[in-house]
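Accompanying notes for the structure given below.
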Amino acid sequence: MAYALTVFATVILGGWVQTVVNWIYDPDPSEDSLYHLFVSEFTNHCGLDYWAPYSRVIRAESTNGPIGPYEFKQKIAPSFAHNPSVVWNEAEQLYVLYSIGCRTEVPASCKNMDYSCGPGNTINGESGISVRTSPDLRDWTSHGQVIQGANDGSWDADTTNPAPLHFPFGSSGNDPEVILAYRGCPYNCSGEELINVASASDPTSSYKRIHPRKPIFQEPSEDPFIWEDFRGNYHMLVHSLLPDAGFGDGPNVGRHAFARSWNGKWTFNNATVAFNTTVHFTDGPSVNYYRRERPNIFFSDDGMMRPLFLSTGVQKVNSSMSYSLIQPIGNGE
Ligand SMILES: *[C@@H]1O[C@H](CO)[C@@H](O)[C@H](O)[C@H]1NC(C)=O
Ligand SMILES: *[C@@H]1O[C@H](CO)[C@@H](O)[C@H](O)[C@H]1NC(C)=O
Ligand SMILES: *[C@@H]1O[C@H](CO)[C@@H](O)[C@H](O)[C@H]1NC(C)=O
Ligand SMILES: *[C@@H]1O[C@H](CO)[C@@H](O)[C@H](O)[C@H]1NC(C)=O
């Protein structure tokens with residue numbers, strides 16, 4: 001992947017101040033010039049440390065291209081809801097929104113609290129992945145959790161960070177219609193965070209983990225983003241949790257993994273860094289962010305899957321706040 005580049009604009013959404021951490025935008029089915037942003041927004045002016053339980057999922061719109069600015073349009077899921085990822089499912093003719101969380105009463109002022117949204121974690125609600133579907137990105141039907149964690153000693157007892165890839169023509173042969181990369185970690189996320197892949201015959205049916213006893217590669221990572229290129233190879237961007245990355249520990253946060261087939265063998269590219277914490281702005285000095293994570297790529301829709309924009313959630317040094325950043329890859333064309 002091209003290393004980059006230049007940021008024309010940043011996006012800070014909503015009257016609630018805080019945003020991050022995952023989002024995706026799609027050209028509107030009915031209007032070419034309309035772009036949608038699905039983003040986590042932290043209510044009550046709480047900072048990134050309070051993402052759980054204050055995060056909710058909202059939709060925003062841009063009429064000025066993928067780079068924004070975006071304007072708040074709609075609440076999609078109340079707190080606690082986090083980590084939205086949207087894909088178009090051609091076979092079902094529906095948009096599918098993945099997220100984590102469950103409706104939770106939150107204290108008025110920013111406070112951490114113990115709560116659970118399902119097996120695998122009783123400290124916060126991150127374990128368990130839910131699905132919503134919509135014909136138009138606006139009216140959403142909830143289908144509940146499609147993959148859950150477990151109250152046992154497995155490496156991915158805590159199951160979170162959904163990253164969907166849907167094949168356009170439904171299940172065929174050994175290929176399922178729906179692939180879901182996810183991050184697992186032991187109960188209460190008390191150990192290493194690693195990546196695995198699950199699959200399903202359709203978006204709302206139950207998901208089956210591949211390699212249930214082991215992750216797809218050994219390098220600790222979270223926040224996978226998965227895609228298939230136009231040659232049929234598979235790729236992931238991840239937020240690396242190696243010692244030179246992590247949560248403010250080092251700059252080399254963005255890593256790439258690849259495979260010939262969605263079910264492996266996956267290789268973590270430890271030779272090069274996909275993106276680091278430094279961002280160059282066209283209208284100001286470079287910023288070396290404290291944290292940069294939750295990568296997501298916006299591709300060309302000409303069949304070539306050219307990566308055009310990279311979005312990440314960022315946090316500056318000495319700031320409790322975070323926001324979403326959209327950066328052109330190359331010239332973004
Ligand atoms: C998970 O966290 C809860 C709440 O702090 C604690 O009571 C429980 O013992 C922990 N369970 C495991 C398996 O770590
Ligand atoms: C990030 O990578 C760029 C390009 O290699 C480099 O110039 C910059 O120093 C790196 N930032 C950090 C904090 O290492
Ligand atoms: C990088 O990957 C290669 C091949 O998988 C492995 O042999 C090597 O130990 C890795 N190096 C580090 C620093 O993780
Ligand atoms: C962060 O805060 C420390 C302590 O106040 C200060 O020394 C440092 O310059 C600050 N860094 C930035 C980038 O603002």
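Here the structure is a predicted model, which means the values were calculated and not measured. Order of appearance sets the numbers: ligands from 1, and atoms from 1 within every ligand. When a residue number appears, it is its place in the shown sequence, counting from 1.
Look at Arg183 and Glu192 and you find no salt bridge, because none of the NZ, NE, NH1 or NH2 atoms lies under 4.0 Å from a carboxylate O. Salt-bridge annotation for Asp156 and Arg209: present, with a side-chain N of the basic residue lying under 4.0 Å from a carboxylate O of the acidic one.
With no hydrogens or angles considered, no side-chain donor-acceptor pair links His82 and Ser99 at under 3.5 Å. A donor-acceptor contact under 3.5 angstrom links the side chains of Asn151 and Tyr187, judged on distance only. For Thr122 and Asn188, the side-chain atoms include at least one donor-acceptor pair closer than 3.5 Å. Thr277 and Asn288 are linked by a side-chain donor-acceptor pair at a separation below 3.5 angstrom, with hydrogens and angles left out of the test.
Residue Asn288 has at least one heavy-atom neighbour below 4.0 Å for each of these atoms of ligand 2: 13 (C). Each of the following atoms of ligand 1 lies closer than 4.0 Å to a heavy atom of Ile123: 2 (O), 5 (O). Interface atoms of ligand 2 facing Pro251, defined by a heavy-atom separation under 4.0 Å, are 12 (C), 13 (C), 14 (O).
Scanning all protein heavy atoms for the shortest distance to atom 10 (C) of ligand 1 gives Asn188 ND2, 2.4 Å. Nearest protein heavy-atom neighbour of atom 7 (O) of ligand 1: Thr122 OG1, 4.9 Å. Nearest protein heavy-atom contact of atom 2 (O) of ligand 4 is Asn318 ND2, 2.1 Å. Atom 5 (O) of ligand 1 has its closest protein heavy atom at Asp114 OD2, 3.6 Å.
In terms of polar-atom proximity, Tyr187 is not counted as a contact of ligand 1, lacking any N or O under 3.5 Å from an N or O of the ligand.
Counting heavy-atom neighbours within 6.0 Å of Glu105 CD, excluding the residue itself, gives a total of 12 or less.
Contact annotation: the side chain of Asp249 never approaches that of Asp244 to less than 4.5 Å [non-hydrogen atoms, C-beta and beyond].
When heavy-atom distances to ligand 1 are checked against a 4.0 Å cut-off, Asn121 has no atom that comes that close, whether in backbone or side chain. Contacts with ligand 2 closer than 4.0 Å are made by no heavy atom of Val273, backbone or side chain.
When the heavy atoms of Val279, Asp244, Thr278 are ranked by distance to atom 11 (N) of ligand 2, first place goes to Thr278.
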